[in-house]
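Taking it in order: structure first as structure tokens, then the write-up.
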Amino acid sequence: MTEISQRYRTIHCGRIGESDIDRKIKVSGWIHSVRDHGGIIFIDLRDFSGLVQVVIDPKMSFYQSLENWRLETVVCFNGTIIARTKETVNSKLSTGAIELVAEDMEVLGESEVLPFQIAKDDCAPEHLRLKYRFLDLRREKLRNNIFLRGNVISEIRDKMRQLGFFEFQTPILTSSSPEGARDYLVPSRIHPGKFYALPQAPQQFKQLLMVAGFDRYFQIAPCFRDEDARADRSPGEFYQLDVEMSFVTQDDVFQAMEELMTHLFKKFSTKKVTATPFPRISYREAMLKYGCDKPDLRNPLTIIDVSKIFENSAFNAFSGVVKKGGVVRAVKVPGISAQPRKFFDDMVKFAQEVGSKGLGYIVFETEQLKSPIVKFLSETEIASIRTEAQISDGDVIFFVAEKEQKAAEIAGKVRTELATRLNLIEKDCFKFCWIVDFPMFELDPETNAIAFSHNPFSMPQGGMDSLVNKNPLDILAYQYDIVCNGIELSSGAIRNHRPEIMYKAFEICGYGKETVNNKFGGMINAFKFGAPPHGGIAPGVDRMVMLLADEPNIREVIAFPFNQQAQDLMMNAPSEVTEKQLRELHIKVEMPKKIHVQEPLKSKEPEQ
RNA sequence: GGAGGCGUAGCUCAAUUGGUUAGAGCGCUGCCCUGUCACGGCAGAGGUUGCGGGUUCGAGCCCCGUCGCUUCCGCCA
């Protein structure tokens, strides 16, 4: 250490150990807690590295001035490290075997009364924690999350380099893209009436780097989308591990990502990680078996289709739906026939809450069947259910009958709810899977027109041949998602790098060449000058850290997050700007009609 | 944009379901305490029950409006 750095400390709080006994040291940090015995005073002093106990004897000259300090005051202590007596060792503290006997002290930064406690979790409301984020970040949990985040990111960089990837930066001020989420716009001063957009993702740039011949790209990329928040979605901005590779097939991308994910999740967690290769589940199969395209494989329950059994059933609630083109889906739960009536009533209520007309069920007890619907079913039908669902005594099966998409969705929610209520979710593991074979096109439910179902840049499976010869709705894309514990970490795709196939795909959706040239001119033009086959993926860094930190909310792994209304309560963003700034940008603000007029101060008008 | 939930001390919550002076823990202020580590003990300050209106003999509680926070839906190529 240089002499300059010793002005404030010769060692860090959490790194003092038994080897420092009898040494004279100097430490600086925050007063974490005070235990004042009238005579002797104990202070826990905290810095980024941890806590150390400081002992202050009443004989010390600075003893009197102690009274003015509050918790979280920043102080510097000089003193000697001594071993604690056997009875006073604190095994909960990494520095619990020693303590610092203070000989001198200096106040470096005073603190006002705190809006919430640092040392104890006092369940402060989130808006306060966000307003005083610098205090919240002093707390152990958040601090650990942020350290974890930094370590994960630096490990990603090491591993990606090792896998042959090269790190790039791409522009933050770019152009507004017609597809996707709402853009954040930045007005141009030099070009009146024109706007930059912050990138929703560096999608086109990374593809252009492939065309430029860089072969393997990665970036810890900030992405900006003006969309509303969810628990796992921070509004405004978030980070992706953006990846793109040239001369690869889908399997090459999977292999690289599996190696990275396995490495990261094993390094930063003790939980079990899915063995490679991760299971690959087609979109169709996922929708059938799990009722969603991001299945939580920790949940052992699966959904089966039993429509056939009820095609000609006397039970109209089911056969009627099937005859109209709908489906009957079933979830079997083994060994829960002893659940009380209330459990089944609650499940029916739940299904109705998520939009189902009802929830049929059959309880297979050893001697008899208990069920509100069994009286409508024939012996043959019940026998078929037994075979199809491989029923044993004690099992229960639940039924949902709706149009296909709705049935899948409701059955999926019922599957999740059953596993949650019955505590069937496997613990201490990360279950990864790939969802593959997404459809290239789908019908717009409102206009009934054919539209891209994911993104227009994916290569259709079968290439031009499929586009020309197949029913568009039957064409699959080289489009995939990676899912962990029911959280979608990322979408990715093998890109469509052939201009003629791109034009054809857009044509199927009703767009001419001009539209493609206008909307994606930069990229389509580049593809005309020798583009390599390429593909990639972009896992959400925040979501990965969230899983590793075992946090249910993404804001807990971001140092300075927006609140749900996309505001930074600490920095007061967004905020109004001066007239001069607006003038320079050629901007005139027109407030929405529904303005919140500031309430006039209460003034009692004299009665007439 | 839509639906639900919440709003009481600096913070977290309570108030026997409409009934006397709105309570507790943490924090804060003062005093006591020399081995604590969630130190302990005594005393004290702190409230226009988000705001506005209404019903009622009486409103923290019921009704209407409004503002704020939050979860979900829409949205997220």
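Remember, predicted model here, so these are calculated numbers, not experimental data. Chain naming here is simple, since letters A, B, ... match the order of the sequence lines and numbering starts at 1 in each.
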Scan nucleotides 36-41 of chain B against the protein and return all N/O pairs shorter than 3.5 Å with their distances rounded to 0.1 Å.
unit_1	atom_1	unit_2	atom_2	d
B:U36	O4'	A:His37	NE2	3.2
B:U36	O2	A:Arg35	NE	2.5
B:U36	O2	A:Arg35	NH2	3.4
B:U36	O2	A:Gln53	OE1	3.4
B:U36	N3	A:Gln53	OE1	2.8
B:U36	N3	A:Gln53	NE2	3.0
B:U36	O4	A:Gln53	NE2	2.7
B:U36	O4	A:Arg84	NH1	3.2
B:C37	O4'	A:Arg35	NE	3.0
B:C37	O2	A:Gln53	OE1	3.4
B:C37	O2	A:Asn90	ND2	3.0
B:C37	N3	A:Arg84	NH1	2.8
B:C37	N4	A:Arg84	NH1	3.3
B:C37	N4	A:Thr88	O	2.5
B:A38	OP2	A:Lys92	NZ	2.9
B:C39	OP2	A:Arg35	NH1	3.4
B:C39	N4	A:Asp36	O	2.2

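Between A:Phe438 and A:Tyr283, the ring planes are tilted. Angles from 30° to 60° get that label.
Separation of atoms CG (A:Leu135) and CG (A:Leu137) is listed at 9.0 Å; rounding is to 0.5 Å.
Listed by chain and number, the residues in a side chain to side chain donor-acceptor pair (under 3.5 Å) with A:Arg415 amount to none (sequence neighbours excluded). Not counting sequence neighbours, the partners of A:Glu500 by the salt bridge (Lys or Arg N to Asp or Glu O under 4.0 Å) test are A:Arg498. For the side chain to side chain donor-acceptor pair (under 3.5 Å) test, residues two or more places apart in sequence or in another chain that qualify with A:Asp20 are A:Arg23.
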Handout entry: Secondary-structure notation, RNA chain B, from Watson-Crick and G-U pairs under 3.5 angstrom (| other strand)
Key = (((((((..((((.....[...)))).(((((.......))))).....(((((..]....))))))))))))....
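Results of the side chain to side chain donor-acceptor pair (under 3.5 Å) test with A:Asn145 over A:Glu551, A:Glu140, A:Arg139, A:Glu556 single out A:Glu551 as the only residue that passes.
Figure legend: cation-pi geometry between A:Lys519 and A:Tyr511, with NZ or CZ positioned under 6.0 Å from the six-membered ring centre and within 45° of its axis. Taking the centre and axis of the six-membered ring of A:Tyr217, the NZ or CZ atom of A:Lys206 falls outside the cone set by 45° and 6.0 Å.
Rounded to whole Å, the distance from CD1 on A:Ile554 to C1' on B:U71 is 16 Å. Atom pair A:Tyr184:OH and B:C76:C1' shows a separation of 12 Å (rounding to whole Å applied). Separating the CD atom of A:Gln200 from the P atom of B:C75 is a distance of 15 Å, rounded to the nearest angstrom. As rounded to whole Å, 8 Å separates atom P of B:C28 from atom CG of A:Leu114.
Counting only heavy atoms from C-beta on, A:Asn553 has its side chain closest to B:U71 among B:C76, B:G74, B:U71. Comparing atom distances between the A:Gln567 side chain and each of B:C69, B:C26, B:G35 picks out B:C69 as nearest. When distances are taken from the side chain of A:Arg233 to each of B:C76, B:U29, B:U34, the shortest belongs to B:C76.
At a threshold of 4.0 angstrom between heavy atoms, the contacts of A:Arg543 with the nucleic acid are absent.
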Less than 3.5 Å apart, which donor and acceptor atoms pair up between the side chains of residues 566-574 of chain A and the rest of the protein, not counting sequence neighbours?
unit_1	atom_1	unit_2	atom_2	d
A:Gln567	OE1	A:Asn563	ND2	3.1
A:Asp568	OD1	A:Met570	N	2.9
A:Asp568	OD1	A:Met571	N	3.0

